[in-house]
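Numbers restart at 1 for each chain; the letters A, B, ... are given by sequence-line order, proteins then strands.
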Amino acid sequence: MPTITLPDGKNLKFSKKVTGLQVAEEISKSLAKQAMVISINGELKDLDFLIESDCSVKIFTAKNNEGLETIRHDTAHILAMAVQELFPGTQVTIGPVIENGFYYDFARKEPFTEDDLKKIEEKMREIVDRDEITKREVWDRDKAIKHFRNKGEIYKAELIEGIPKGEEVSIYFHGKWHDLCRGPHLSSTGKIGKFFKLTKVSGAYWRGDSKNEMLQRIYGTSWASQKDLEAYLKRLEEAEKRDHRKLGKEMDLFHFREESPGSVFWHEKGWALFQKLINYMRARQDAAGYQEVNTPEVLDRLLWEKSGHWEKYGENMYTSQTPDEKVFAIKPMNCPGHIQVYNQGLKSYRDLPLRITEFGKVHRYEPSGALHGLLRVRAFTQDDAHIFCSEDQITSECLNVTNLILDIYKDLGFKNVVLKYADRPDVRVGDDKVWDKAESSLLDAVKATKLEYSINKGEGAFYGPKIEFVLRDAIGRDWQCGTVQVDLNLPGRLNASYVDKDGTKKVPVMLHRALFGSLERFIGILIENYAGKFPFWISPLQTVVIPISEDFEDYAKNVSEKIKEAGMSSIVDLKNHNLNYKIREHSLAKIPVLLICGKKEVDSNSVTIRRLDSNKQENMEINLFLKKFSALNKVSQN
RNA sequence: GCCCUUGUAGCUCAGCUGGUAGAGCAAUUGAUUUGUAAUCAAUAGGUCCGCGGUUCGAAUCCGUGCGGGGGCACCA
């Protein structure tokens, strides 16, 4: 005689055992129709789960996340079903729900083609139409292992072997086809709907380990309605339009080429952007008490051996042998160089904290498959700094850095930032006591920001705990940029020291810190965030002056010169094209401000302003224009 | 690095089953002198990614190398 408590606190009494579906029917017919899954005391179950005793029940429809995820999970199942119907002999492995969709990994010799994807999709629709009934059975472990092994499903058999003893081995049937699965599932394949699409095929290692064989992964997306599906596909299209590789080419910012994979050839405009960011950073760091230095790009192998990089990071390092047969490495990091600068002259506790910064260009031999436009390169410029301090100064220094980072992100248009805090990994150097201190100091700094943070247990570097700064862009994507890491290792290894108050020599703590991370990467993110339409102050080409006809060329040139004198960038478009053409061209090039000069402007010593993405025209006296836009050219105006 | 896929003019792309390449835009030249998102015409432009093979003949088929793309792994 179960009594069922609903989320609103109401109780339903039943005279016998009931299924989730019956509970839904009791509430309303439409709910029963829309119901996807239920949860019993917080645990998700199938709709036909038989409720025997008192419990609290929630009923989920496609409008709930739980319902939507079940739809996706079911879509993954019918994908596997369709594949095995079309390509007998293909083994199924795992098929989880992921953000916006699902995938399923298959073991099959022949690769799936784009054409196969279409066929599979058709077959999936057919399976939905067949409306196969779902049935759940609990099997004996050994029976299940034997069953799948006999079927030739060795991966499934391996998965069952991995299920802890005592846990149920549940098998789900959709008609005759069945699969090992935890569930829950929809009551029949017809309930999934047809708002899905297979999106791509790729390789994926069995159990995510590159030592294992490679499986074929089919990705798909699945939604509660056609409208949702279309909206999602539209979002993908929008993201594609913002792709920094595409915009970089269109806007003539940079290019890549075969001779140096993963290294950027910056063009004039891209480099202007780069320089603006560096100049901005330089001013910010100056104000924050940093000293900027510059250290060699090529350093003797001996130093890298001493620092530990040769051993731990060697396979990612470029090396170079000189005619005298010495081996040098091209720096993958700036830290050893900065410690060498620190080591010049005796340091006292009065010198701490000592903040050394460098826009250092580093080279890392990244795996070819990892390269991705500006976001993952082999040569990049870090806005790197190393702060040498005492243990007591860790918290306040971390907090300084954090505040600086947040402020800088805000200036660049990113207001939504979350933190990730990572503590000691299993393999690490240093005393546990020192780790305790470092971790709590860092965590204090995290808490002091009052920002949302997550803890990544055991994900810290081998030399110390770290904070990572994740910013969210205009279309909701997350990017990891800045970082603060405590280093309990390197200063000692490279003999850094200071004389403390009591006259004894101590090893300073070193904080690694990057704000943007990599300038290259950050610019990639900026391009995508703004879709190439940068705020005025960082726009690489801020104004184009357009004379209406040849008669006004001198006037236009003069205006352009004045703009440059006022510290903004400007060109004059003297090409033999009409005004419409030029406006279109420069608008597509995402120039923020177009200035039109004709008779009217000459007569009144003015310009007519047309701003990007607006067809309003504003006439303004030249000096006023210069004054107004000079102000806009400062960061604080954004 | 691994799996799949891809490489044709400055750019975007076409080129069926093998018969030494084509469009639009851009460029150049000329005409036009233009008031807020494409004025007209002419001209020029290519080692079809590199190397090797099959073939009478390869952009096209095969092998291989390099690069790009999508994932996986990697991102101390």
Should the pair A:Arg217 and A:Tyr103 be classed as cation-pi, given the thresholds of under 6.0 Å to the six-membered ring centre and 45° from the axis?
-> yes
Could A:Arg472 and A:Phe414 be counted as a cation-pi pair, given that NZ or CZ must be under 6.0 Å from the ring centre and within 45° of the axis?
-> no
Which part of the nucleic acid does [X] contact within heavy-atom distance under 4.0 Å: base, sugar-phosphate only, or nothing?
X: A:Glu601; result: base
X: A:His586; result: nothing
X: A:Lys200; result: sugar-phosphate
X: A:Lys582; result: nothing
X: A:Tyr463; result: base
X: A:Pro367; result: base

Check: A:Arg610 side chain, B:rA37 base, donor-acceptor under 3.5 Å = yes
Cut-off 3.5 Å, no hydrogens considered: what does the side-chain donor-acceptor table look like for residues 479-487 of chain A, sequence neighbours left out?
from: A:Trp479; atom 1: NE1; to: A:Asp473; atom 2: OD2; distance (Å): 3.0
from: A:Thr483; atom 1: OG1; to: A:Ile467; atom 2: O; distance (Å): 3.1
from: A:Thr483; atom 1: OG1; to: A:Gln485; atom 2: NE2; distance (Å): 3.3
from: A:Gln485; atom 1: OE1; to: A:Tyr463; atom 2: OH; distance (Å): 2.4
from: A:Asp487; atom 1: OD1; to: A:Asn489; atom 2: N; distance (Å): 2.7
from: A:Asp487; atom 1: OD1; to: A:Leu490; atom 2: N; distance (Å): 3.0
from: A:Asp487; atom 1: OD2; to: A:His512; atom 2: NE2; distance (Å): 2.7

A:Glu468 or A:Val201: which one's nearest nucleotide on RNA chain B is closer to the 5' end?
-> A:Val201
Residue met sooner reading RNA chain B from 5', once A:Cys597 and A:Leu371 are mapped to nucleotides = A:Cys597
Going by the angle between their ring planes, with limits at 30° and 60°, are A:Phe522 and A:Phe516 parallel, tilted or perpendicular?
-> parallel
Please work out which of the three classes, parallel, tilted or perpendicular, describes the rings of A:His73 and A:His77, given edges at 30° and 60°.
-> perpendicular
Please report, rounded to the nearest Å, how far the [atom2] atom of [N] is from the [atom1] atom of [X].
X: A:Ile583; N: B:rU34; atom1: CD1; atom2: C1'; result: 12 Å
X: A:His309; N: B:rC75; atom1: NE2; atom2: C1'; result: 14 Å
X: A:Asp105; N: B:rC3; atom1: CG; atom2: C1'; result: 12 Å
X: A:Gln617; N: B:rU36; atom1: CD; atom2: P; result: 7 Å
X: A:Asp384; N: B:rA76; atom1: CG; atom2: P; result: 14 Å
X: A:Leu588; N: B:rA37; atom1: CG; atom2: C1'; result: 7 Å
X: A:Asn580; N: B:rC40; atom1: CG; atom2: P; result: 12 Å
X: A:Glu315; N: B:rA76; atom1: CD; atom2: P; result: 13 Å

Looking at [Y] and [X], is there a salt bridge between them, counting it only when a charged N and a carboxylate O are closer than 4.0 Å?
X: A:Arg364; Y: A:Glu366; result: no
X: A:Glu618; Y: A:Lys616; result: no
X: A:Glu439; Y: A:Arg424; result: yes

Any side-chain N or O of [X] less than 4.0 Å from the OP1 or OP2 oxygen of [N]?
X: A:Tyr103; N: B:rC72; value: no
X: A:Arg245; N: B:rG69; value: yes
X: A:His372; N: B:rC75; value: no
X: A:Arg376; N: B:rG69; value: no
X: A:Ser202; N: B:rG70; value: no
X: A:Asn578; N: B:rU39; value: yes

Consider the side chain of [X], meaning its heavy atoms from C-beta on, and name the nucleotide among [options] that approaches it most closely.
X: A:Thr608; options: B:rA27, B:rU36, B:rA37; value: B:rU36
X: A:His577; options: B:rA27, B:rC74, B:rC4; value: B:rA27
X: A:Ile596; options: B:rG35, B:rA27, B:rG71; value: B:rG35
X: A:Ser210; options: B:rA73, B:rG35, B:rA76; value: B:rA73
X: A:Met214; options: B:rA37, B:rG71, B:rU36; value: B:rG71
X: A:Lys599; options: B:rA37, B:rG35, B:rG71; value: B:rG35
X: A:Ile548; options: B:rA27, B:rU34, B:rA37; value: B:rU34
X: A:Tyr205; options: B:rC72, B:rC74, B:rA76; value: B:rC72
X: A:Tyr581; options: B:rA76, B:rC72, B:rA26; value: B:rA26

Protein-nucleic acid N or O pairs under 3.5 Å, nucleotides 9-13 of chain B:
from: B:rU12; atom 1: OP1; to: A:Lys249; atom 2: NZ; distance (Å): 3.0

Hey, does the side chain of A:Tyr313 reach the backbone of A:Met333 with a donor-acceptor pair shorter than 3.5 angstrom?
-> no
How about A:Phe87 and A:Phe106: are their ring centroids closer than 6.0 Å?
-> no
